[in-house]
Amino acid sequence: MMTNPKLPELMQFSFVVEDLESAIQHWAQNFHVGPFFVSEHIPYKSCLYLGQPIDLDMSVAIAYNGSIQIELVKQHNDSPSIFREFMLNRGDGLQHVAMISEDLSADLARYAANGVTPVQEGEAENGTRFAYLNTDRIPGTMLELVSPTEEVLRAFNFMRNAADSWMAGDSAKYGG
């Protein structure tokens, strides 16, 4: 049982995909989710998988459906990671959900007290810290705690606002 009943709300559903472009079109055409903002080959200051440094090469596409962020993840290399493991074992699909963490260290300590530890963690070049927790022991998915910078939060807000005025049939993708 978690000791903090006031955890943040889920803000993201993240899907690992083999083909980023096809996944963007799928979400836009079938669910009217868009526009997707694409960040290719995201640079990291540090990234650890099972406590070991990795050289992760991945791209993401992000869009909103209301207040929920839809993230599509494509890993480009064979580096060990939660994304590669998921793709090898399950194929395309929902890999994790995310919450914004205002105090990542404190949140990680609370989860650790309950035996839930990071499988992958690090910091992106933009200063966003993250940890993917081993919460998928029960059928479901991993949990990502993300501690973004103010700049990243502004970008998320911009994307959410873009989704409010986006119409299916418009270009499904920005950037890339």
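Treat the numbers as computed from the prediction; the structure is a model and nothing was measured. In what follows, residues are counted from 1 in the order of the sequence shown.
- Between Glu9 and Met99 the shortest heavy-atom distance is O-CG, 3.7 Å.
- Counting heavy atoms from C-beta outward, Val116 and Leu143 have side chains that stay 4.5 Å or more apart.
- Considering every non-hydrogen atom in both Pro148 and Val146, the closest pair reads CD-O, 3.3 Å.
- For Asn65, the side chain to side chain contact (heavy atoms under 4.5 Å, CB included) test picks out Val33, with sequence neighbours left out.
- Phe36 CZ to Glu71 CD: the interatomic distance, rounded to the nearest 0.5 Å, is 10.5 Å.
- For the atom pair Leu133 CG and Met142 CE, the distance stands at 8.5 Å (nearest 0.5 Å).
- Partners of Leu50 by side chain to side chain contact (heavy atoms under 4.5 Å, CB included), not counting sequence neighbours, listed by chain and number: Val119.
- Under a 3.5 Å cut-off, the side chain of Ser14 and the backbone N or O of Val97 do not form any donor-acceptor pair.
- With a 6.0 Å radius and a threshold of 12 heavy atoms from other residues, nucleotides or ligands, Asn89 has its CG atom above the threshold.
- Side-chain polar atoms of Asn126 and Thr128 form a donor-acceptor pair below 3.5 angstrom.
- Placement of Phe86 and Leu48 in two distinct hydrophobic clusters is found when ILVMFWY residues are connected by side-chain heavy-atom separations under 4.5 Å, directly or transitively.
- Scanning for ring pair (Phe, Tyr, Trp, His ring centres under 6.0 Å) contacts around Phe15 gives Trp27, with sequence neighbours left out.
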Evaluate side-chain contact (heavy atoms from CB on, under 4.5 Å) for Gln75 paired with Val16, printing each intermediate quantity in order. CA-CA 8 Å; Gln75 183 169 334; Val16 175; over 6 Å; no

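- At a threshold of 4.5 Å between non-hydrogen side-chain atoms, the residues Pro118 and Phe130 do not count as touching.
- Within the 4.5 Å cutoff, side-chain heavy atoms of His26 are placed close to those of Phe31.
- Tyr49 pairs in a side-chain hydrogen bond (donor to acceptor under 3.5 Å, both in side chains) with only one of the listed residues (Glu121, Glu85, Arg84, Gln120), which is Glu85.
- Closest of all the heavy-atom pairs between Pro80 and Ile54 is O-CD1, 3.3 Å.
- Legend: residues meeting side chain to side chain contact (heavy atoms under 4.5 Å, CB included) with Ala163, ordered by chain and number and at least two apart, are Tyr64.
- In this view, Glu144 and His96, Tyr132 satisfy the side-chain hydrogen bond (donor to acceptor under 3.5 Å, both in side chains) rule, not counting sequence neighbours.
- Put simply, OG on Ser59 and CD on Glu21 are 10.0 Å apart, with the number rounded to the nearest 0.5 Å.
- Remark: the backbone N or O of Glu18 is paired with a side-chain donor or acceptor of Lys74 at under 3.5 angstrom.
- The two residues Trp166 and Ala28 make their nearest non-hydrogen contact at CH2-CB, 3.9 Å.
- Summarising the geometry, atom OG belonging to Ser147 is positioned 8.0 Å from atom CD1 belonging to Ile100; distances are rounded to the nearest 0.5 Å.
- Across all non-hydrogen atoms, the minimal contact from Gly34 to Ala63 is CA-CB, 4.0 Å.
- Applying the side chain to side chain contact (heavy atoms under 4.5 Å, CB included) criterion to Glu102, with sequence neighbours excluded, gives no partner residue.
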Quick one, Phe83 with Leu56, criterion side-chain contact (heavy atoms from CB on, under 4.5 Å). Give me CA distance, side-chain angles, the key distance, then yes/no. CA-CA 10 Å; Phe83 309 115; Leu56 181 61; 4.1 Å; yes

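- One finds the CD atom of Glu150 at 5.5 Å from the CG atom of Leu153 (value rounded to the nearest 0.5 Å).
- Residues Val60 and Glu40 fail the side-chain proximity criterion, which asks for heavy atoms closer than 4.5 Å.
- With rounding to the nearest 0.5 Å, the separation of OG in Ser105 from CZ in Arg110 is 10.5 Å.
- Side-chain contact between Phe37 and Pro35 is present, with heavy atoms from C-beta onward closer than 4.5 Å.
- Contact annotation: the side chain of Tyr44 approaches that of Met58 to within less than 4.5 Å [non-hydrogen atoms, C-beta and beyond].
- Between Thr141 and Leu94, the closest heavy-atom pair is OG1-O, 4.1 Å.
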